[in-house]
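Below, all heavy atoms of this structure are taken into account, side chains as well, without hydrogens, waters or symmetry copies.
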Amino acid sequence: MPHSHFDPPYNDSPSADSAPASSPLSLSERARQAARPADSYLTGLNPEQRRAVETIEGPLLVLAGAGTGKTRVLTTRIAHIIATGTAFPSQILAVTFTNKAAREMKERIGRLVGSVAEGMPWLGTFHSIGTKILRRHAELVGLRSDFTILDTDDQIRLLKQILRAENIDDKRWPARQLANVIDSWKNRAITPDRVSAGEAHSFAQGRAAELYKMYQERLKVLNAADFGDLLVETIRLFRENPDVLANYQQRFRYILVDEYQDTNVAQYLWLRLLAQGRHNICCVGDDDQSIYGWRGAEVDNILRFEHDFPGAGVVRLERNYRSTAHILATASHLIAHNEGRLGKTLRTEDDPGQRVTITGAWDSEEEARQIGEAIENAQSRGDDLSQVAVLVRISAQMREVEDRFVQLGLPYRVIGGPRFYERLEIRDAMAYLRCVVSQADDLAFERIFNTPKRGLGDATLQTMHAYARHAGVPLMQATRALLETEELKPRQRTTLRDLIANFDRWSRQLETLPHTELAETVLEESGYTAMWQADRSPDAAGRLENLKELVRSLEEFPDLPSFLEHVSLVMEAAESDSDARVSIMTLHAAKGLEFDTVFLPGWEEGLFPNQRALDEQGRAGLEEERRLAYVGITRARKSARIMFASNRRIHGLWNATAPSRFIDELPEAHVEVTEAPAAYSYGGYARNRFDQAAGSFGSTYDTPGWTRARQNTPNTGHATSPGGRRGGNRVIEGEIVARSSGPSSTFKPGDRVFHQKFGPGTVESCEGNKLAIEFDKAGRKTVVDSFVKPA
DNA sequence: TCGCGCCCTGTTTTT
DNA sequence: CAGGGCGCGA
């Protein structure tokens with residue numbers, strides 16, 4: 001792509017400086033366009049695409065159906081703004097949802113306008129841009145600029161602590177659930193004080209809002225932000241500091257948003273605040289591909305765009321460049337069953353191609369066999385396996401397909417499996433590095449203080465915690481103080497002293513050693529690598545390999561902090577693409593991708609549409625499932641193959657399943673039902689009944705299991721177990737309450753005191769908060785006063 | 001304090 | 001079926 005004909009915009013003074021952005025296409029702009037040779041990047045765009053690219057001023061909604069060149073429009077638009085000198089790259093805010101999308105955009109812009117894209121500091125995900133803004137003004141929201149970003153794991157551990165401290169049974173009220181509740185509030189930019197009474201009841205008998213508040217306070221103490229905060233706290237920053245907001249409104253002359261249908265309320269508010277300055281916001285999306293409602297996305301955002309941004313233009317991209325006519329017609333017909341959509345008519349000029357096939361199988365194993373067989377045939381015809389994908393509704397479906405592929409020796413790759421940074425060893429290593437960078441990172445310290453095993457346990461941690469909470473200091477600092485006392489047992493004390501000394505040394509080396517070396521040193525000297533080397537389990541080697549990979553990827557960053565940030569926000573499993581492998585992934589993970597051939601197994605009621613989506617979201621859930629189906633079909637360029645099985649194993653039990661209602665919604669003229677020869681060879685119905693009978697009889701032997709299975713089937717809602725509370729629990733809880741609420745006054749020599757661990761004793765001397773106490777049974781000990789109460 | 005084994009639960013999708 | 005949590009025994 002030649003692009004030498006336009007000047008880098010750095011030399012031009014962007015005209016918008018002097019001309020308020022009002023006229024859609026100013027005279028000077030038109031003159032500038034006329035003056036330059038036909039812009040090569042504009043050629044090849046169809047008229048609608050071109051309109052989407054060239055309508056620069058004012059709000060614009062681009063409704064881009066599947067395969068209509070959405071990314072191309074976005075990137076060309078940015079290139080256009082830059083190439084015409086309308087704005088500097090640094091004045092364009094371009095947000096995406098995934099890092100992959102951001103990366104791809106950067107690359108494509110780079111190809112269009114040369115290296116200028118490197119100078120686009122504000123192209124990234126909502127979260128990364130939010131972080132960037134937040135770091136600059138952290139003190140305004142009660143954080144320091146080096147705040148840590150908590151992942152889900154940290155989040156849950158933190159919530160668990162809070163629940164425990166509040167004596168809330170985390171069995172009945174799992175921290176995980178509270179995390180979801182809080183997340184859903186953050187998705188809607190609801191702060192603790194704005195939680196409605198009704199919603200507060202969604203957890204722990206109405207204490208949810210209170211817990212949320214404590215959680216937020218705790219985050220501030222820890223100098224940490226969770227994913228939701230990266231947006232919500234930015235919104236708060238903007239709202240409470242109009243000058244800061246104004247600054248960004250000025251800066252961002254042009255705002256572009258990818259996948260607008262996936263934005264949640266918080267993201268919408270965030271965007272609206274920023275767009276209020278210049279009103280140049282261009283959102284690209286497809287309401288038919290909104291599939292993240294469950295995590296707070298609001299289709300409404302895109303449906304209401306024209307209302308939210310008055311005077312907005314709308315461009316529809318309806319020319320599909322990806323799929324054959326049969327595939328397109330099938331998808332369009334299916335999605336037409338949804339109400340409440342903006343409506344698009346996708347068209348293609350390609351030849352009709354093959355019809356979409358629908359294939360039934362006796363059970364899920366046979367379904368997997370059919371997929372395997374079809375792919376083997378394609379392979380022997382010379383098809384490129386990297387152009388074949390199996391798209392499933394839930395990851396649990398992958399296993400059977402994988403098993404089959406392994407048997408056949410078909411190369412495959414699973415996309416979107418556990419992420420690199422979610423692996424145990426990576427998290428541990430990261431925790432070490434986090435502690436080195438910030439000794440106040442309690443969650444990290446807690447994670448690794450006994451990894452590898454050092455003989456420190458829960459008892460020790462509790463002591464450390466109790467002191468830390470009392471003194472209001474981070475764990476490591478608390479530990480330092482405790483080392484001066486006899487609060488801890490000698491062995492633990494020595495161990496902790498060593499550990500702290502290590503961290504002190506590593507922290508000092510932060511200045512002197514290159515960060516990659518430091519990371520290696522830390523992992524080495526902490527005994528962490530040794531731990532895995534000594535491990536005889538089969539995956540230990542892989543873990544060591546991952547650790548090496550971690551250190552290797554460190555090289556790409558200037559220092560540890562920037563690396564840590566990258567990992568928490570961006571890091572993905574290294575995927576070696578481009579070799580010929582079949583891709584297996586969830587439908588969600590498939591959005592934005594395309595393949596020649598797509599297999600869509602598991603189109604059965606309950607699985608797809610997913611029962612839970614139906615139960616929880618009703619009709620909205622059904623429509624989202626249908627959109628998911630639409631996304632699935634439209635991934636295919638040439639061949640889409642829908643499949644269902646009559647029996648599927650769920651939790652290890654075989655269940656009879658009915659074909660998905662979506663299958664009946666497909667247009668007969670564009671699909672064909674293929675007979676699977678082996679489908680009924682097992683005897684169909686009779687076998688089905690037999691199976692069910694066998695299932696029940698077989699299980700009678702296993703009474704608890706059978707009872708559970710029986711309870712499982714009809715029970716979809718909340719099973720309130722009758723009299724589920726254990727009588728003994730309350731007493732214990734009450735005891736803890738009494739203990740933690742005891743007053744902690746200051747003591748003087750001669751006072752009779754009681755220590756939780758050492759029992760009654762007499763104070764001998766005091767030094768600050770350290771007391772020397774002669775215990776009746778345990779002898780003379782130095783302890784801190786927070787562990788002691790008057791006897 | 002650690003490690004083992006039992007039991008229970010839940011299993012959509014994720015920045 | 002699997003992963004996590006908890007209780008028990010060493």
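- A donor atom on one side chain and an acceptor atom on the other are not found under 3.5 Å apart for A:Glu298 and A:Asn264.
- Between the C1' atom of B:dT15 and the CZ atom of A:Arg103 lies a distance of 14 Å, rounded to the nearest Å.
- Each of A:Glu625 and A:Asn450 was assigned the nucleotide of DNA chain B with the nearest heavy atom; the assignment lying further toward the 5' end belongs to A:Asn450.
- Nearest-nucleotide assignment on DNA chain B puts the 5′-proximal partner with A:Leu461, out of A:Thr586 and A:Leu461.
- Here A:Ile650 lies out of heavy-atom contact (under 4.0 Å) with every strand.
- With respect to the salt-bridge test (charged N to carboxylate O, under 4.0 angstrom), the residues A:Glu402 and A:Arg399 do not qualify.
- Here A:Phe227 packs flat against the base of B:dT15; its ring centre is closer than 5.5 angstrom to the base's six-membered ring, tilted by less than 30 degrees.
- Judged by distance alone, the side chains of A:Gln155 and A:Asp151 never bring a donor and an acceptor atom under 3.5 Å apart.
- Checking each of A:Arg447, A:Arg434, A:Arg427 against A:Asp154 for a side-chain hydrogen bond (donor to acceptor under 3.5 Å, both in side chains) leaves exactly one that passes, namely A:Arg434.
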Give me, pair by pair, the N or O atoms of the protein and of nucleotides 4-6 of chain B that are less than 3.5 Å apart, along with how far apart they are.
none

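- Residue A:Ala459 is classed as a sugar-phosphate contact, given heavy-atom separations below 4.0 Å to backbone atoms only.
- Between A:Lys591 and A:Asp262, at least one side-chain N (NZ, or NE/NH1/NH2) sits under 4.0 Å from a carboxylate O, which counts as a salt bridge.
- A:Lys186 comes within 4.0 angstrom of no nucleic acid atom, judged by non-hydrogen atoms across all strands.
- Nucleic acid contact for A:Arg399: sugar-phosphate only, since backbone atoms but no base atoms lie under 4.0 Å from a heavy atom of the residue.
- Listed nucleotides B:dG3, B:dT15, B:dT1 differ in distance to A:Lys453; the shortest reach to its side chain belongs to B:dG3.
- There is no side-chain donor-acceptor pair under 3.5 Å between A:Ser128 and A:Thr131.
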